[in-house]
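Remarks on the structure that follows.
The structure displayed is predicted, hence computed values, not measured ones. We're numbering straight along the sequence, starting at 1. Just the heavy atoms: all of them, side chains too, but no hydrogens, waters or symmetry mates, feed the values below. Whatever order the structure lists them in is the order used to number ligands and atoms, beginning at 1.
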Amino acid sequence: MSDTNINLTPLSELGEFGLIDKITSGITVKNKSTLLGIGDDAAIIKPADEMLTLISKDLLLDGVHFDVTYTPLKHLGYKAAAVNFSDIAAMNGKPTQLLIGIGVGAKFSVEAIEEIYSGIRAACEVYGVDLVGGDTTSSKTGLVISATIIGEVEKSKVVYRSGAKPNDLLCVSGDLGGAYMGLLILEREKKAFQGNPNIQPDLTQHDYILQRQLKPEPRIGVIDLLAKNDILPTSMIDVSDGLASDVKHLCKASKVGCVISEEKIPIDQTTFDTAKEEFKIVPSIAALNGGEDYELLFTIKQSDYEKVKKIDGISVIGYMTDISDGEKLITNDNISIDIEAQGWDALKNKS
Ligand code: ADP
Ligand code: MG
């Protein structure tokens with residue numbers, strides 16, 4: 001998007017209602033629980049009797065949660081939806097309805113908003129979520145996206161942060177640290193670009209971590225896999241702030257301690273190489289303190305170990321302990337250190 005592109009349509013040309021029509025045209029509802037979608041003063045939702053309704057909201061501000069200078073708008077829309085779906089997954093539920101509030105500056109074009117919505121709608125398509133409403137307004141402080149997600153979970157299947165017990169196994173899906181390394185690459189290229197706008201960055205070898213940062217996927221599939229394998233986690237959270245911070249949330253809510261083995265933390269090779277070679281960061285630090293991976297961190301009863309072992313893409317990284325034992329990391333050198341939500345001086349100069 002640039003001011004010199006004369007093909008873009010200014011928002012004023014379309015007006016609020018024209019814009020709403022454009023971004024919501026052709027939307028059909030997929031979920032049984034959606035009785036009425038966009039178009040009236042409110043949507044109508046009625047979950048089945050055996051289900052509980054989950055609801056959560058995220059607010060994304062330009063310059064705080066994303067940077068429009070390097071975030072493709074379609075990805076931004078996708079991410080705004082995906083991170084909300086992830087919160088529902090973290091309760092062991094499925095996202096079903098989404099509402100989007102959007103505030104845009106006068107400089108924004110209709111096409112730019114359509115881009116954001118193409119991302120939102122793509123995420124809804126992939127995860128079977130109905131876009132059932134929203135609000136549109138002008139903003140004087142840059143782009144604002146607020147997403148409210150509604151989901152469903154069977155009454156007997158809801159998983160809280162607070163259910164972990166000592167000796168439960170601590171598990172995580174996928175791999176960690178990639179989104180943070182993607183962010184560091186984007187920040188670095190932005191600086192280089194500002195220094196010399198004629199240099200176009202070559203980002204191809206960083207595809208995986210850039211995708212982790214720009215287009216995170218909620219782990220709805222993991223919820224299905226756990227159910228299929230007859231595993232009900234005892235506690236669960238999605239990793240949005242980094243493993244260290246999020247395991248502390250589980251421990252605090254469950255009133256337990258934990259032990260994590262550094263060597264068990266799943267880290268993708270691209271994440272590992274980028275951290276070590278390009279940024280001189282110990283890769284596990286990226287996993288522990290980098291956020292936005294949106295993997296699921298959960299605990300299971302020890303008796304479920306054989307079942308979880310069989311599932312691809314889930315790692316057992318430690319276990320829960322008595323609260324008096326604290327939150328510990330066993331490093332690759334076999335030293336036990338306290339897990340801190342930030343700053344790993346003990347590890348920083350290793351590698
Ligand atoms: P109101 O004036 O009552 O807020 P609107 O004219 O803003 O109503 O909205 C009309 C319909 O369009 C409602 O169903 C609303 O949920 C939907 N809507 C408005 N803005 C958006 C948006 N940005 N994304 C999705 N749906 C929207
Ligand atoms: Mg409105």
Side-chain angles (χ1 to χ4, degrees), residues 1 8-47 53-68 71-88 93-152 214-216 218 220:
M1 188 188 34
L8 295 178
T9 318
L11 276 175
S12 53
E13 203 171 284
L14 209 57
E16 184 190 333
F17 298 119
L19 177 69
I20 293 173
D21 279 350
K22 216 172 170 72
I23 58 186
T24 62
S25 76
I27 289 183
T28 52
V29 300
K30 305 177 265 291
N31 286 290
K32 257 204 226 138
S33 54
T34 310
L35 302 190
L36 184 68
I38 287 170
D40 213 313
D41 294 307
I44 306 176
I45 294 164
K46 187 178 189 298
T53 298
L54 303 165
I55 182 158
S56 178
K57 166 181 275 307
D58 263 311
L59 185 59
L60 299 173
L61 306 179
D62 182 18
V64 181
H65 304 99
F66 59 88
D67 186 332
V68 278
T71 311
L73 292 173
K74 184 171 180 182
H75 287 70
L76 181 61
Y78 193 94
K79 183 168 177 174
V83 302
N84 273 272
F85 300 174
S86 177
D87 281 320
I88 298 296
K94 293 279 183 62
T96 45
Q97 290 91 10
L98 179 70
L99 294 113
I100 292 286
I102 187 162
V104 286
K107 271 181 20 194
F108 244 70
S109 66
V110 171
E111 287 78 6
I113 296 171
E114 284 188 285
E115 269 300 289
I116 296 173
Y117 268 78
S118 72
I120 293 170
R121 290 171 68 156
C124 286
E125 204 55 51
V126 171
Y127 294 101
V129 173
D130 296 327
L131 183 62
V132 296
D135 201 21
T136 313
T137 178
S138 60
S139 157
K140 292 205 164 82
T141 54
L143 182 62
V144 178
I145 303 176
S146 155
T148 301
I149 184 68
I150 294 165
E152 296 176 4
L214 294 173
K215 190 171 173 285
I220 311 292

Might you point out which heavy atoms bring L98 and A81 nearest each other, and give the distance in Å? CD2-CB, 4.0 Å
Numbering the atoms of ligand 1 from 1, which are under 4.0 Å from a heavy atom of D40? 13 (C), 14 (O)
Can you find an N or O of F17 that's nearer than 3.5 Å to an N or O of ligand 1? no
So the atoms of ligand 1 within less than 4.0 Å of a heavy atom of E16 turn out to be 7 (O)
Heavy atoms only: give me the nearest S56-N84 pair and the separation to one decimal. O-OD1, 3.8 Å
Between H65 and L61 (side chain of the first, backbone of the second, donor and acceptor by atom type, cut-off under 3.5 Å), is there such a pair? yes
For ligand 1, which atoms, with element, lie under 4.0 Å from some heavy atom of I102? 23 (N)
Could you check whether any side-chain heavy atom of K57 comes within less than 4.5 Å of a side-chain heavy atom of I149, counting everything from C-beta outward? no
Just which atoms of ligand 1 are under 4.0 Å from any heavy atom in I100? 22 (C), 23 (N), 24 (N)
Going by the 4.0 angstrom heavy-atom rule, the piece of I38 near ligand 1 is both
Sub-3.5 Å N/O-N/O distance, G37 and ligand 1: no
Nearest heavy atoms of G151 and T96, plus distance in Å: CA-OG1, 3.5 Å
Quick test of your reading: applying side-chain hydrogen bond (donor to acceptor under 3.5 Å, both in side chains), list the pairs with at least one residue in residues 27-40, sequence neighbours left out, ordered by first then second residue. N31-D130, S33-Q97, S33-E152, T34-Q97, T34-D130
Residues two or more places apart in sequence or in another chain: which of them pass salt bridge (charged side-chain N to carboxylate O under 4.0 Å, His left out) with K215? E217
Please answer whether the main-chain N or O of I116 pairs with a side-chain N or O of R121 as donor and acceptor at a distance below 3.5 Å. no
For ligand 1 and T24, I'd like to know whether there is a polar contact (N/O to N/O, distance under 3.5 Å). no
Using a 4.0 Å cut-off to any heavy atom of I20, which atoms of ligand 1 qualify? 6 (O), 7 (O), 12 (O), 18 (N), 19 (C), 20 (N)
Measure from atom 14 (O) of ligand 1 to every heavy atom in G101, A43, G39, G103 and give the option owning the shortest one. G39
Proximal ligand 1 atoms for G133, defined as those under 4.0 Å from one of its heavy atoms: 16 (O), 25 (C), 26 (N), 27 (C)
